Amino acid sequence: MQIIDGKALSQKIKTSLKEETSLLKDNQNIVPGLAVIIIGDDPASRAYVGMKAKACKDVGFYSIVHEMPNSITQEEIIDTIKMMNNNPRIDGILVQLPLPNHIDTDKILEVIEPKKDVDGFHAYNVGRLVTGLDSFVACTPLGVMEMFKKYNIELEGKDVCVVGASNIVGKPMASLLLNANATVTVTHIFTKDLASHTSKADIVVVGVGVPHLIKEDMIKEGAVVIDIGINRLEDGSLTGDVDYQNVAPKCSYITPVPGGVGPMTIAMLLSNTLKSATKRGL
Ligand code: GUN
């Protein structure tokens, strides 16, 4: 069994992004810029945004965080996004999800200029991903693909079970895997018999936010298990969607939580923002 070290891999990626950023500044006088919009005071969202802003600073990006209260109107958020769409120093715009109930998330995401949609949530980028065209791809599934690549985990012809069908994780993950010629099964909350799908899969990717949902009897011997869940338990500790201790011995590869997919998400956000900056003005 080999542990996929997302922390180490993300560090390597950030080091090379830092070098590329420095070259872009020296050669073209472009400093990649990221705008993050956060609404409300959800502690987890605030923690993620803090990590994203710090990561930007570490690699030499310009970044701004727009903090807005829960009482904000949809129009005010849209106005801020439009301002960022027109700001030449901003290459990437990210609206931290989830949004408060009175805000229509789909409407908000549609306002982001697709060329600055570094989260890959705009329907334009989602459509391009599904058709296999170059696009901005959601950071978490993109980070998982990077892990497969760096650990030489073959996808073509493999049976992959994706657990969870969210717009942020499950659906883009399934599209990326399908584009890589895997045979993909997507399971979700209405799936009749989850274990019957996971136990047949060569690779299981799970991102649902249910602590320890995936148990050892649901996984095939030698499978690859990717855990996207980040759940905070009552004692304050973090745990994934996989019962790691019991599942890990059966796996060929597994990601830990923390230190697995989480740091890769942030590295991919930086990578997408740099990609956008290199196309600035084009
Ligand atoms: N909330 C949970 N994951 C994400 C993400 O990748 N991007 C944004 N914007 N919000 C999130």
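Note that ligands are numbered from 1 as they come in the structure, with each ligand's atoms numbered from 1 the same way. Everything numeric here is computed off the predicted structure, so don't read it as measured data. The first residue in the sequence is number 1, and the count goes up from there.
Per-residue contacts place L94 under 4.0 angstrom from the following atoms of ligand 1 (heavy atoms of the residue considered): 9 (N).
Among protein heavy atoms, the minimum distance from atom 7 (N) of ligand 1 is reached at D119 OD2, 3.1 Å. The closest protein non-hydrogen atom to atom 10 (N) of ligand 1 is L97 N, 3.0 Å. Protein heavy atom in closest approach to atom 11 (C) of ligand 1: Q96 NE2, 3.5 Å.
Only backbone heavy atoms of V95 (N, CA, C or O) come within less than 4.0 Å of ligand 1; its side chain stays farther off.
There is no side-chain donor-acceptor pair under 3.5 Å between E113 and N85. Between T191 and H197, the side chains place no donor N or O within less than 3.5 Å of an acceptor N or O (distance only, hydrogens not considered). With hydrogens and angles left out, the side-chain atoms of T73 and E76 include a donor and acceptor closer than 3.5 Å.
In this structure, Y48 has no heavy atom closer than 4.0 Å to ligand 1.
Inter-residue side-chain proximity for N29 and K25 is flagged as met; some heavy-atom pair is nearer than 4.5 Å.
Of the options I168, V36, T265, the smallest heavy-atom separation from atom 3 (N) of ligand 1 is shown by I168.
Using a 4.0 Å cut-off between a side-chain N of Lys or Arg and a carboxylate O of Asp or Glu, K200 and D159 do not qualify as a salt bridge.
Counting heavy-atom neighbours within 6.0 Å of Y62 OH, excluding the residue itself, gives a total above 12.
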